[in-house]
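Each remark here refers to the structure printed beneath this line.
Computed over heavy atoms, backbone and side chain alike; hydrogens, waters and symmetry mates excluded.
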Amino acid sequence: MHNFEKRRDRYNGYTQFANPLINLSFTLTVPDLRPYCKAQQLPPFHVFLYCVLRAIASIDNFMYRELDGEVIRIKDFMASYTVLNSDNNLNFARFDMTDDLALFVERSLAAKKVAEASADLINTSAGLSPLDHKRNVYITCMPWLELTAIEHPIYLHKTADIPALAWGKFGPPQDDGMMRLPLSVQAHHGFADGYHIHLLGEAIKAQIAQLVA
C-alpha cells in the first residue's frame, strides 16, 4: 500500500464527491493480433481479453478497492465479461484467471458456452463474500459498434470502486502492422487519473507486442 499512501489525500478528496468516477473513451493503437491468432488458431477476442486483464493486474492503481471503510490492494481478480445468450440477452461469463494463454482461452470459451446457454442471469456478485465481490474487473465488448463513449450502469456512484472497461469493433489492418480500436476505461478517481489510464493503454499494447513477437 506504499504507492497508495502517496495519493491518500487525492483519495480523501474524491470520496467527498457524489460521483468520484473518471471515465475516458479513446482510440487505442496496438499491434494487430489477428494474424497471430489465426496462425495459433485462437479467437482474437479472448486473446485480447487476456492481454487486457494482464495489463490491468500490472498497474497498482487498478487494483485498489474500498473494503470496510479502508482501501486495500487486491492480489488478483476473477476473469469475467459480458456475453449474449440464446435470447440475445445479457449474461456474464466468469472463470479463474491464469497467466497460461492456452488455459486462459480454454477457460474463457467454456465460461462463454455456459453463459450463452443460460436463460437466467448468472455469475453475478450475489453470493460472493465482500472481499470476493471486490475481486472483480467489469469487462464488456460491443464488436458491432465503433464505440465513441459509454456510461455504465452504477448502483451507487459514491461507492463504485471496481474498474470497468469496454471496447468496440477492431479496426482494419494497418500497413504498419497495427490496428486501432475504441476503448473506454472507468475507474475511481481517488485511485486513478487520466495518466494511469494512458499507462493502461500502453500496458495493453506491450502485452500484445510481447505475445505476437
Can Leu42 and Leu101 be said to form a side chain to side chain contact (heavy atoms under 4.5 Å, CB included), step by step? CA-CA 10 Å; Leu42 295 171; Leu101 175 59; 3.9 Å; yes
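- In this structure, Tyr14 and Ile22 have side chains that are not in contact, with every pair of non-hydrogen atoms separated by 4.5 Å or more.
- Taking a 6.0 Å sphere around CG of Asp76, one finds it holds more than 12 heavy atoms contributed by other residues, nucleotides or ligands.
- Between Pro163 and Arg65 the shortest side-chain heavy-atom distance falls below 4.5 Å.
- Heavy atoms only, all atoms of each residue included: Gly194 and Leu24 are closest at CA-CD1, 3.9 Å.
- Using a 4.0 Å cut-off between charged nitrogen and carboxylate oxygen, Asp193 and Arg10 do not count as a salt-bridge pair.
- Note: Leu181 CG to Glu146 CD = 11.5 Å, rounded to the nearest 0.5 Å.
- The one candidate from Ile162, Leu67, Thr124 that meets the side-chain contact (heavy atoms from CB on, under 4.5 Å) condition with His133 is Ile162.
- Going from atom CG of Leu90 over to atom CG of Asn88 covers 11.5 Å, rounded to the nearest 0.5 Å.
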Could you check Lys205 against Thr29 for side chain to side chain contact (heavy atoms under 4.5 Å, CB included), going step by step and ending with a plain yes or no? CA-CA 7 Å; Lys205 180 178 178 180; Thr29 302; 5.9 Å; no
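- For the atom pair Tyr64 OH and Arg73 CZ, the distance stands at 7.0 Å (nearest 0.5 Å).
- Across every non-hydrogen atom of Asp87 and Ala119, the tightest pair is OD2-CB, 4.1 Å.
- A 4.5 Å side-chain heavy-atom check between Ser184 and Asn23 finds at least one atom pair inside the cut-off.
- Cluster membership for Tyr195 and Ile204, using ILVMFWY side-chain heavy atoms within less than 4.5 angstrom, is shared.
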When you look at Ile154 and Gln186, which way does the side chain to side chain contact (heavy atoms under 4.5 Å, CB included) test go after all the steps? CA-CA 11 Å; Ile154 303 295; Gln186 177 180 285; 3.4 Å; yes
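- With hydrogens and angles ignored, the 3.5 Å screen pairs a side-chain donor or acceptor of Lys158 with a backbone N or O of Phe17.
- Of the possible polar contacts, none joining the Tyr81 side chain to the Leu49 backbone as a donor-acceptor pair under 3.5 Å is found.
- Transitive grouping of hydrophobic side chains (ILVMFWY, heavy atoms separated by less than 4.5 Å) keeps Met178 and Leu28 in distinct clusters.
- Each of Glu66, Glu5, His188 was checked for a side chain to side chain donor-acceptor pair (under 3.5 Å) with Tyr11, and the lone residue meeting it is Glu66.
- Distance check: His152 NE2 to Thr140 OG1 gives 7.5 Å after rounding to the nearest 0.5 Å.
- Side-chain contact between Leu128 and Asn136: present, with at least one pair of heavy atoms (C-beta onward) separated by less than 4.5 Å.
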Between Leu200 and Leu165, is the side chain to side chain contact (heavy atoms under 4.5 Å, CB included) condition met? List the steps. CA-CA 11 Å; Leu200 178 58; Leu165 279 74; 4.0 Å; yes
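- Counting heavy atoms of neighbouring residues, nucleotides and ligands inside a 6.0 Å radius, atom CZ of Arg7 exceeds 12 of them.
- In plain terms, the two heavy atoms of Ala187 and Ala192 that are nearest each other are CB-CB, 4.1 Å.
- Looking at heavy atoms from C-beta onward, Ile56 lies in side-chain contact with Leu53 at the 4.5 angstrom threshold.
- In this structure, the side chain of Asn61 engages the main chain of Phe191 through a donor-acceptor pair within 3.5 Å.
- Note that SG of Cys141 and CG of Leu183 are 10.5 Å apart. Values are rounded to the nearest 0.5 Å.
- Note on Leu145: it clusters hydrophobically with Ile150, by side-chain heavy-atom contacts below 4.5 Å among ILVMFWY residues.
- For the ring-ring contact (aromatic ring centres under 6.0 Å, His included) test, residues two or more places apart in sequence or in another chain that qualify with Phe48 are Trp167, Phe170.
- Remark: the Tyr50 side chain and the Ser108 side chain contain no N/O donor-acceptor pair separated by less than 3.5 Å.
- Asn85 and Ala115 get closest at one heavy-atom pair: CB-O, 3.6 Å.
- Within the 6.0 Å centre-distance limit, the rings of Phe104 and Phe95 are counted as a close aromatic pair.
- Shown here is Gln174, whose CD atom has more than 12 heavy atoms of other residues, nucleotides or ligands within 6.0 Å.
- Phe92 and Tyr138 are members of different hydrophobic clusters when ILVMFWY side chains are connected at heavy-atom separations under 4.5 Å.
- Across all their heavy atoms, Ile139 and Ser80 have their closest contact at CB-O, 3.3 Å.
- Residues Val30 and Phe62 are members of one and the same hydrophobic cluster, defined by side-chain heavy-atom contacts under 4.5 angstrom among Ile, Leu, Val, Met, Phe, Trp and Tyr.
- Remark: Asp96 does not engage Arg107 in a salt bridge, criterion side-chain N to carboxylate O under 4.0 Å.
- Rounding to the nearest 0.5 angstrom, the gap separating the NE2 atom in His196 from the CD1 atom in Ile59 is 8.5 Å.
- With contacts defined as side-chain heavy-atom distances shorter than 4.5 Å, the pair Glu116/Ser86 does not qualify.
- Between Pro44 and Leu33 there is a side-chain heavy-atom pair separated by less than 4.5 Å.
- Within the 4.5 Å cutoff, side-chain heavy atoms of Ile72 are placed close to those of Leu131.
- Side-chain N or O atoms of Asn91 include one that pairs as donor or acceptor with a backbone N or O of Ser118 at under 3.5 Å.
- Taking both residues in full, the closest heavy atoms of Ser58 and Ala55 are given as OG-O, 2.6 Å, listed atom of the first, atom of the second, then distance.
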